[in-house]
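One structure below.
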Amino acid sequence: MRVAVLGQLRLQADDHAEVAIPRGKAATLLLLLVGHHGRLVSTERLVLALWGEHPPRTAMASLHNHVWALRSALGKARPGAGARLRRNADGYQLDLEQAECDLIEFEQLVAEGKAAARIGDTPRVVRVLRQAVGLWRGETSHLTALASSPVSEMVRAWEHARVSAHEDCLAAELELGHHDDVVPELHTLVAEHPLRERLAGLLMRALWSGGDRAGALEVYRTTRLGLIDALGVEPGAELRDLQGRILRGEPAWGGPVVSAPPPLADTPRQLPADTADFIGRERILEGIANSLDPARGDETVRVVVISGQPGAGKTAVAVRAGHRLAERYSDGQLYADLGGGSAGPRPPEDVLADLLRALGVPDAAMPAGAEQRAAVYRSRLAGRRVLVVLDDAADLTQVRPLLPGTAGAAALVTSRRRVAALPGVTSFALGPLTRREGVLLLTKVLGTERVGAEPTAAAELVGLCGRLPLAIRVAAARLVTRPAWSLASLLAKLRDRRLLLDELTVAELDVRAGFAVSHDALGDLERLVFRRFGLVSTPDLAPWALGALVDDDPGLDQALHTLLASHLLEPAAAAAERYTMHELVRVFAAENAHASEGSPEVEGTTARAVLRALFDRCRLLIEVAHRTMPPPAGWLKPVGPPPSAALPPPPSDLIALVSRNPTAWCAAECETLLEILIRGAQLGWYREALDAAERLSSFLAMKHRRREIERLYSAVARAAAGDARMSARADFGRAHAVAMGGLLVDAAAILSSCAEVFDRFDQHSALMNTLVLLSFCRMKLGNLQRAEQLVREALDLRSRAGDRQCEVRALRQLGSVLISAGDPESAVGPLRHALATAEQIGEADLEAVVLSSLAKALIALGELERADEPCRRALTLLDELDQPVGRAYVTLSHSRIAEHRGQHREAITTIENALRVFGEFAEHRGEIEARHRLAVNRLALGETGEAVSLLRSALAQARELCMHRTAWELDRALAAALWRKP
């Protein structure tokens, strides 16, 4: 039996007959298992490789099917060989002998060639590497195309290894003087790989040694132009030096091409023990393995940096990756703790001394200075496959002297900071575990029975630990030492944020201490930004908010860069520039803020002044946005005065940003604005918070942000509980949100209380607006007589209120009541009056809603042609205002025209589009009306079953919302539909 993967994917039986390999993911699975050379591949890693980060629910079942198919194929190649594909609790492995797999044979031959080079046996180098290269059967591009991304990287690494082995073979041939023999072969390889400088150098040497100086210089010229054109770089020093020697007529051969460094007396194996309960990180481990795979064969030193916040498990990942790579770095693994997180990181010369001792340099021969030690260190590593793990690096200055100097050796670096500016570095940022991984880690430490007994508590515990491995281990350690504790008992302690970090400390495992090390390394401004971030409860913050926290310090941008590099801040997952902080880091920041700047609840503290500055900036920017957005119809005008009358303006570029597209800015910042306004109200600034809320309603109402409206106004109402007038205004805003949600009974109760307060304080405009909205609620609840009485009371207040916008809404509401009462002819007059007033005062959104109501009246009168024009005008206006919910209501009105004309299919399409919008915005009243109209049109087409289902759904929803008149109408329609149903 033989499995071939080099250039093709084939399976041969013992009699050399071809055995069919299942296609698709089964073939990918075979490539992955062969590439791991008999080592275990975890199930998690296999699923990731086959389906990516979002596998289907059937992934595990499909994986088992693919394994079964491969076992069947192996069994056909050799009886019993299916058992070679073994499974244990964690994954699968495929056991193959060297003679059974061309990849294993190739890597063994390459290793033999390296060993022969070390002892100077150049003829043997040529012989075994010719064998190795001869195992390939064509290119691997078709394998790369059929494989998933992780497997594609592995296949490309095999191709790199082939070219590298071919280079070593040809270099050895040149060393033996066979320059004429290898020139054609080198020409072919250089054409295939025009950017590989080593191949170009070998061809130049071969041509020069054969007397073709012009040909050698032409190879240099072509290679140089190719590098400049493709990469924008000049050739490396070695190739430039070779060109110079040829120009000067010196011998092109500068010694053995395949050098053999003296063997180490003892192969260093310095990696710490792997973590027994290691969980997750498969994608990053796969990326590290691909990045550091020596089989890639390029001539650069591979360097990988793992960065992340304290407690993320950087060392554990590096150590596990190092152990996985141990076989590929057969000349040893070095390990050094650089102490970057301590007050005094280790000097590079001290670390180099330890590394040189591990490489066999006695103290008596130890060079004196850092530069001399680094030179000897690089010389010792030259030509060897050694992996150097540099743990907890402080910065680039500390790391640079510790990197190998030649290809073959590689470095794996961990750091609390992002180590930038290293040439050719591959970086991986380590974030928290997933919730599932966190629970699995807890289970590995505590046992399945204990965690399985409290699954909900386990998930919450992992969440409170911020999904950081260190914090989860600390929590688990506390539970291990207290077997009588339930998970819920520890949860009760962790829920108190003031005590959270105290509870996450056990012996030398201390989450707070890890954060403190990174914090103490910051400068003054960085610490200021860090702790003041902890004063704010929003999930993330934009630069405008951070600027307000530090009085727009000009060094803010650099401070943010440092905090990002230290992983104390992270970029938020948003299109615009925003920053977030891990939850446990935020707790630590809040502790520092409280200790340095006091409590915001206490008058006169720095913390209170800082939050007031942020609150005021928030109000100013909301005012800027409010100026260029249409005022929301039916809402109270801001209580005032505008904040710009008393506060200095924000930076001009910030004002320009908000003014350019206020709707987009409000959408991006909505969560932050709400949190800041609510916090300000809680701190006693409720009047200013109410003014800002009423200005922000221009955006919130237009975008139908019902939940945000209710949350904001409810918080302000609670804060203003002792101030009847302000509390009533906040309750009015809350009533809008409740009515939007369809809870009209609740909204009516709130509005009735508001009306009493506004009447008592002679707040005529507020009272008029309240009566109009209350009339709407009563109308929808079926009490048309009371609805008409309320709206006429509102109209009686016109002269005292002086509110033209409310007058339009009152006239429109009167028309709606009359239409509902079956008197559309009487409704036309008030509606035309309302339309003329709306046009006169230039309120486009009011004009649109009046046009919609006028269309309803005309439709009810049977004047379909006249109804079409106001519908279309309303739709145009609402499109310009970008008000999808209002537009959906108008399209319902428009569908009635098609309905009356007998165009039921067209009406159904229009209504279904409106229903989707209502569902998206949780507009329940609209959903009821849309389902009713759909049912009417379905009945007209004879689709009685669908109509009955729609009516039942609408009726249940109307009853739930206490919309009695609507429920009565739906009940009658349902009875009629059931009577028609066969």
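Predicted model, so just to flag it, every value in this text is computed and none were measured.
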### Task
For a side chain to side chain contact (heavy atoms under 4.5 Å, CB included) with Phe106, tell me which candidate from Asp102, Ile104, Val110 qualifies.
Val110
### Task
Taking all non-hydrogen atoms of both residues into account, name the closest pair between Leu355 and Ala336 and its distance.
CD2-CB, 4.3 Å
### Message
Would you say that more than 12 heavy atoms from the other residues, nucleotides or ligands in this model lie under 6.0 Å from the CD of Gln372, or not?
### Response
yes
### Query
How many angstroms lie between atom CG of Leu334 and atom CG of Leu412, to the nearest 0.5 angstrom?
12.5 Å
### Message
Just to verify, what does Ser330 make a side-chain contact (heavy atoms from CB on, under 4.5 Å) with, not counting sequence neighbours?
### Response
none
### Query
Residues in side-chain contact (heavy atoms from CB on, under 4.5 Å) with Pro22, at least two apart?
Ala26, Ala69, Leu70, Ala73
### Message
Using every non-hydrogen atom in the two residues, find where Leu387 and Gly322 come nearest and quote the distance to one decimal.
### Response
CD2-CA, 3.7 Å
### Query
Is atom CZ of Arg269 surrounded by more than 12 heavy atoms (other residues, nucleotides or ligands) closer than 6.0 Å?
yes
### Message
So Leu430 and Ser307, do their side chains get closer than 4.5 Å, heavy atoms only?
### Response
no
### Query
Under 3.5 Å, side chain of Ser164 to main-chain N/O of His160, donor-acceptor pair present?
no
### Message
Taking Arg436 first and then Glu44, would you say they form a salt bridge - that is, a charged N and a carboxylate O separated by under 4.0 Å?
### Response
yes
#### Entry: Side-chain (Lys314) to main-chain (Gln309) donor-acceptor, under 3.5 angstrom
yes
### OH-CG distance between Tyr377 and Leu402, expressed to the nearest 0.5 angstrom
6.0 Å
### Query
Is there a side-chain contact between Leu32 and Leu46, using heavy atoms and a 4.5 Å cut-off?
yes
### Query
Do side-chain atoms of Asp331 reach the backbone of Arg385 as a donor and acceptor pair under 3.5 angstrom?
yes
### Task
For Leu33 and Gln93, run side chain to side chain contact (heavy atoms under 4.5 Å, CB included): C-alpha distance rounded to whole Å, both residues' side-chain angles, the deciding distance at 0.1 Å, then the answer.
CA-CA 6 Å; Leu33 292 168; Gln93 65 189 73; 5.7 Å; no
### Main-chain N/O of Gly514 paired to Arg416 side chain as donor or acceptor, under 3.5 Å
yes
### Query
Checking Arg281 side chain against Phe278 main chain: does a donor-acceptor pair fall under 3.5 Å?
no
### Task
Measure the shortest side-chain to side-chain distance between Lys114 and Asp168 over non-hydrogen atoms and say whether it is less than 4.5 angstrom.
yes
### Message
Looking at every non-hydrogen atom in both residues, tell me the closest pair between Val304 and Ser291 and how far apart they are.
### Response
CG2-CB, 3.6 Å
### Query
Stepwise, does the side chain to side chain contact (heavy atoms under 4.5 Å, CB included) test hold for Leu96 with Val3?
CA-CA 9 Å; Leu96 295 171; Val3 180; 4.2 Å; yes
### Task
To the nearest 0.5 Å, tell me how far Ser72 OG sits from Leu85 CG.
12.0 Å
### Message
Using salt bridge (charged side-chain N to carboxylate O under 4.0 Å, His left out), reason through Glu112 and Arg127 one step at a time and then give a plain yes or no.
### Response
CA-CA 10 Å; Glu112 288 181 26; Arg127 188 166 60 254; over 6 Å; no
### Query
Can a salt bridge be assigned to the pair Arg417 and Asp395 using a cut-off of 4.0 Å between side-chain N and carboxylate O?
no
### Query
Within a strict 4.5 Å, meaning less than it, do heavy atoms of the Val19 and Leu74 side chains meet?
no
### Electrostatic pair Glu107-Arg328, nearest N-O below 4.0 angstrom
no
### Task
Check for a donor-acceptor pair, side chain of Gln333 on one end and backbone N or O of Tyr329 on the other, with a separation under 3.5 Å.
yes
### Task
Go through the steps for His193 and Leu195 under the test side chain to side chain contact (heavy atoms under 4.5 Å, CB included), then give the verdict.
CA-CA 6 Å; His193 307 280; Leu195 302 182; over 6 Å; no
### Side-chain donor or acceptor of Arg373 paired with backbone N/O of Glu349 under 3.5 Å
yes
### Query
Should the pair Glu185-Arg130 be classified as a salt bridge under the 4.0 Å nitrogen-to-oxygen rule?
yes
### Query
Quick one: salt bridge (Lys or Arg N to Asp or Glu O under 4.0 Å) partners of Arg240, sequence neighbours excluded?
none
### Message
For the backbone of Leu94 and the side chain of His36, can you confirm whether one donor and one acceptor N or O come within less than 3.5 Å of each other?
### Response
no
### Message
Could you walk me through whether Thr414 and Asp391 satisfy the side-chain hydrogen bond (donor to acceptor under 3.5 Å, both in side chains) test, starting with their C-alpha distance in whole Å, then the side-chain angles of each, then the deciding distance to 0.1 Å, before giving a yes or no?
### Response
CA-CA 5 Å; Thr414 74; Asp391 193 19; 2.4 Å; yes
### Task
May I ask you to decide if Leu338's main-chain N or O and Arg346's side chain share a donor-acceptor pair within less than 3.5 Å?
no
### Query
Considering only heavy atoms from C-beta outward, does the side chain of Val305 approach that of Thr426 to under 4.5 Å?
no
### Close side-chain approach of Phe428 to Ile284, heavy-atom, < 4.5 Å
yes
## Note on the structure
In short, Pro404 meets Ala411 closest at the heavy-atom pair CD-CB, 4.1 Å
### Task
Would you check if Leu135 and Gln131 make a side-chain contact, meaning some heavy-atom pair closer than 4.5 Å?
no
### Query
Looking only at heavy atoms, which two atoms of Leu9 and Leu30 are closest? And how far apart?
CD1-CD2, 3.9 Å
### Task
Mark yes or no for whether Gln398, through its side chain, and Pro348, through its backbone, hold a donor-acceptor pair below 3.5 Å.
no
### Query
Between atom CG of Asp274 and atom CZ of Arg324, what is the distance when rounded to the nearest 0.5 Å?
8.5 Å
### side chain to side chain contact (heavy atoms under 4.5 Å, CB included) assessment of Arg380 paired with Val361
CA-CA 9 Å; Arg380 284 271 168 163; Val361 177; 3.8 Å; yes
### Under-4.0 Å salt bridge between Glu437 and Arg467
no
### Query
Got a salt bridge between Arg45 and Glu282, using NZ or NE/NH1/NH2 to carboxylate O under 4.0 Å?
yes
### Query
So how far is it from Arg10 CZ to Glu18 CD, rounded to the nearest 0.5 Å?
4.0 Å
### Task
For the pair Asp277 and Arg473, find out whether any cationic side-chain nitrogen is under 4.0 Å from an anionic carboxylate oxygen.
yes
### Message
How long is the straight-line distance from CG of Leu6 back to CH2 of Trp136, given to the nearest 0.5 Å?
### Response
4.5 Å
### Message
Check this for me: does any side-chain nitrogen of one of Arg84 and Asp95 sit under 4.0 Å from a carboxylate oxygen of the other?
### Response
no
### Message
A side-chain contact here means heavy atoms from C-beta on lying under 4.5 Å apart; do Leu239 and Met204 qualify?
### Response
yes
### Summary
All heavy atoms of Ser62 vs all of Trp51, minimum pair found to be CB-CZ2, 3.5 Å
